[in-house]
Amino acid sequence: MQPRVFAILTAMLLGVLGLGSVAVTDWSPATASAAEATATAGGSGAGTVPADGSPAAASATATGDPAVWTRSTLRNKLMAEMDATDPGVALADLDRITKEKPYTVRFCHPIAHELGHAAVKRFNADFQKVISFPHETCAAGYLHGAVEEMLNASTQPEVDLLKLCAPKNTGPCIHGVGHGTMFVAKQDVPKARDLCNKFPTDQNKIRCSEGLFMQLFGPDEEDEQAKANLPADKLAQDPLYPCKDQPSLFQSACFFYAPTFYLSSHDYPNHPEVYAEALKWCLNGKASGGAVDCSRGVGSRTMKYNLDREDWAAQQCATAADGWQRKACTEGLVSYYTVNYTDGGAAGRLCAKITNKEMQGYCRSASGLSGSLD
């Protein structure tokens, strides 16, 4: 055969073989494992190796993420991940997911609570070991859950609540104690309040009351065990029950978290108009001085449940008839946004996304930013 002819035939044969390999090869992108996703998300190195010192077992966790997370699917993934590795890996993955899918913030806090509960049991109530993992994600829900579990298992909660957070006594930890008081008191507000009053300073009593009332009104959607069980007859007489009946030191936190119950009981995921209605509902607190705190609470929950549409959240605040309420609601937007995104530029990013000039001005004021909008 002539060399030229042989070369042509060889080229044709290679072409056919190449086309065949293209046809049978699976060209879909490989899905990264949960451990790989955690690593690429820049998660902390803490908790990447199991306690027994063996190589990281994160590859044993489920691979691939669903198109849409629900509370149960996210909870199950993270609990399995923690069982296979440790809380640090699960919390890093939770942080990654909430940043990639902001809607999951609606239910990440109670999931983080569950991780905290499970960690206390896993490490035999070694609280310092439990909190040795980075736990700021989802507004420190992991820490809250751990404190709840520690107090719930305590034979002397009135003594131990003063020891758990010492010596630093940080705000998130004391807030977690507040959640725990409701577990110990079986949702009895006066008994839980008495436990919060064990703290020697007003500042820590208030921090404790914040966790108490957050627990009372039900932390978040799809958390059936935490749904508020408020008496219908009392609510009929006083829509903001039991806030005005609280001692003055505890009223602010009560009014702030009361909108959580209002929104969940009015099916906010399917009725977006309920945010504006909640602001009108807060006006029931004017006589007792709670309308401002309630309006801030509406803003906070509106942002929490709509982190992926900041401008829309601000538009809900703009529906209030009075400037003081629009301002208070916007302050709530800022407060939650900066709790969720803890970096220094978070407030500025939020304000830049708000198109209503009045609301943007309130945002910048609440954030301590310059009044200039450029």
Side-chain angles (χ1 to χ4, degrees), residues 31-38 41 43-44 47-48 50 57-123 130-131 133-150 152 172 175-176 179-180 182-183 211 214-215 217-228 260 263-264 267-270 301 304-308 336 339-340:
T31 304
S33 69
E36 292 168 339
T38 301
S44 169
T48 56
S59 59
T61 62
T63 58
D65 291 345
V68 177
W69 289 105
T70 66
R71 183 180 187 273
S72 60
T73 57
L74 183 55
R75 181 258 182 207
N76 292 343
K77 170 191 170 68
L78 295 169
M79 292 297 285
E81 200 163 60
M82 190 172 84
D83 287 344
T85 55
D86 60 35
V89 173
L91 288 167
D93 214 18
L94 178 59
D95 185 62
R96 173 187 68 83
I97 291 168
T98 55
K99 286 180 169 58
E100 290 178 355
K101 308 285 187 181
Y103 68 86
T104 59
V105 172
R106 294 177 180 175
F107 43 80
C108 77
H109 192 84
I111 292 174
H113 271 235
E114 286 196 66
L115 293 172
H117 281 276
V120 169
K121 295 174 182 176
R122 173 173 174 172
F123 296 115
V130 170
I131 64 173
F133 303 96
H135 50 255
E136 292 76 18
T137 191
C138 296
Y142 171 83
L143 174 62
H144 300 168
V147 174
E148 289 170 3
E149 186 65 30
M150 293 292 293
N152 202 34
H175 179 105
H179 281 274
M182 289 294 277
F183 277 71
M214 185 175 178
Q215 191 67 36
F217 291 116
D220 290 296
E221 69 174 23
E222 298 185 42
D223 190 1
E224 294 302 327
Q225 293 182 346
K227 291 294 185 185
T260 307
L263 292 170
S264 63
D267 190 23
Y268 72 85
N270 297 310
R301 299 306 93 174
K304 180 170 187 174
Y305 303 151
N306 299 279
L307 267 171
D308 51 348
Y336 189 82
V339 163
N340 188 72

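Annotation: the span from H179 atom NE2 to L143 atom CG amounts to 10.0 Å, rounded to 0.5 Å. Here the CE atom belonging to M214 is positioned 12.5 Å from the CE atom belonging to M182, to the nearest 0.5 angstrom. Here the OG1 atom belonging to T104 is positioned 14.0 Å from the NE2 atom belonging to H109, to the nearest 0.5 angstrom. Annotation: the span from E136 atom CD to N340 atom CG amounts to 12.5 Å, rounded to 0.5 Å. Taking CG of L74 as the reference point, atom SG of C108 lies at 8.0 Å (rounded to 0.5 Å).
Side-chain atoms of R75 do not come within 3.5 Å of backbone N or O of E114 as any donor-acceptor pair. Side-chain atoms of Y142 come within 3.5 Å of backbone N or O of V130 as a donor-acceptor pair. T85 places a side-chain N or O within 3.5 Å of a backbone atom of E81 that can act as its donor or acceptor partner. Without hydrogens or angle criteria, D93 side chain to V89 main chain gives no donor-acceptor distance under 3.5 Å.
Contact record, L78 with A90: CD2-O, 3.3 Å, taken as the closest heavy-atom pair. For the pair D86 and R122, the tightest heavy-atom approach, listed with the atom from each and the gap, is CA-NH1, 3.6 Å. Residues W69 and I97 share a closest heavy-atom pair of NE1-CG2, 3.5 Å. Heavy-atom minimum distance, F123 versus F133: CE1-CE1, 3.8 Å. Residues V120 and M150 approach most closely at CG1-SD, 3.6 Å, considering heavy atoms. Listed here is the closest heavy atom pair of K304 and V105: CE-O, 3.5 Å.
Using a 4.5 Å heavy-atom threshold, the side chains of H144 and Q215 count as separate. Residues R301 and Y268 have side chains not in contact (no heavy-atom distance under 4.5 Å, counting atoms from C-beta outward).
For K77 and D65, the salt-bridge test passes: some basic side-chain N is under 4.0 Å from an acidic carboxylate O.
Checking V339, D95, L91, T98 one by one against C138, the side-chain contact (heavy atoms from CB on, under 4.5 Å) holds for a single residue, T98.
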